[in-house]
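The next block holds one structure in the form of structure tokens; read it before the comments.
Both ligands and their constituent atoms are indexed starting at 1 by order of listing.
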Amino acid sequence: MINVLFVCLGNICRSPIAEGVFKELVKEKQLDNIIQCDSAGTAAYHVGSLADKRMRKVALANGITLTHQSRQLSYADFDSYNYIVAMDQSNHDNIRKESFRANGSYLPEHQLYLYRMFDPQRGTSITVPDPYYEENSAFEEVYQIVSRSGIAFLNFLIEKHNLTVKTSESPGNLF
Ligand code: 4NP
């Protein structure tokens, strides 16, 4: 199994939509028996809550129902997840610090990522911007960013782990 954990601050806006979109992409490529994902927040403010209503609305408009309930990142996650993917630099730095506290060493580069590094349209920004105090359009932008980043990240995993992707052109069962 390849285990992926998306992390933001509150785990009610960016990482739940990153998780929801990525799950769909994985399912489309029929890789859900190989790749699993979840999300968490570095902060505990919203533990137990569903994703923010504004984020759920954008998700639903794109055919995705978000059912994740916010949870805080835990030390156990450093052992359970092969890929820990931060939404912004501050999340990334906090995860690094916590991993040092937990294990006395930082997570290796191949385990900790900044999601937007995968966005082909990132320009000079390597951040998935925090939409919490912004207008509705900020939530739509987050959706677009995590969709583009998700496609590229999935391709990265497929290549790195040499995964076989079944396409609709593959010969199926004749009977
Ligand atoms: P998220 O957004 O990190 O993308 O879930 C936020 C959610 C809540 C808060 C900040 C950011 N907050 O300050 O409560």
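- In terms of polar-atom proximity, L9 is counted as a contact of ligand 1, with an N or O under 3.5 Å from an N or O of the ligand.
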For this session: Just do the side-chain contact (heavy atoms from CB on, under 4.5 Å) check on N11 and Q72 with the steps written out, would you?
Result: CA-CA 8 Å; N11 191 214; Q72 191 174 22; over 6 Å; no

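- For D52 and H46, the side-chain atoms include no donor-acceptor pair closer than 3.5 Å.
- Nearest protein heavy-atom neighbour of atom 4 (O) of ligand 1: R14 NE, 2.7 Å.
- Looking only at distances, no side-chain donor or acceptor of N94 sits under 3.5 Å from a matching main-chain atom of N91.
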For this session: Give the C-alpha distance, both sets of side-chain angles, the deciding distance and a yes or no for side-chain contact (heavy atoms from CB on, under 4.5 Å) between L60 and T65.
Result: CA-CA 5 Å; L60 207 53; T65 303; 3.6 Å; yes

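- A cation-pi contact links R54 to Y132, judged by a cut-off of 6.0 Å to the six-membered ring centre and 45° from its axis.
- The aromatic rings of Y83 and Y113 are tilted relative to each other, their planes meeting at an angle between 30° and 60°.
- Looking at Y45 next to ligand 1, no N or O pair under 3.5 Å apart turns up.
- For D93 (side chain) and S90 (main-chain N/O), no donor-acceptor pair under 3.5 Å exists by modelled atom type.
- Nearest to atom 9 (C) of ligand 1 among the protein's heavy atoms is Y132 CD2, 3.5 Å.
- Here M87 has no heavy atoms under 4.0 Å from ligand 1, in either its backbone or its side chain.
- Here D130 has side-chain heavy atoms under 4.0 Å from ligand 1, and that is the only part of it that gets that close.
- Atom 8 (C) of ligand 1 has as its closest protein heavy atom H46 NE2, 3.4 Å.
- Considering both main-chain and side-chain atoms, C8 never comes within under 3.5 Å of ligand 1 through any nitrogen or oxygen pair.
- Remark: minimum distance from atom 13 (O) of ligand 1 to any protein heavy atom is reached at Y133 OH, 3.6 Å.
- Contacts with ligand 1 closer than 4.0 Å are made by no heavy atom of F139, backbone or side chain.
- Salt-bridge check for D119 with R148: passed, with a basic side-chain N closer than 4.0 Å to an acidic carboxylate O.
- Counting the atoms of ligand 1 from 1 in the order shown, those under 4.0 Å from a heavy atom of C13 are 1 (P), 2 (O), 4 (O), 5 (O).
- With a heavy-atom cut-off of 4.0 Å, N11 touches ligand 1 through its backbone alone.
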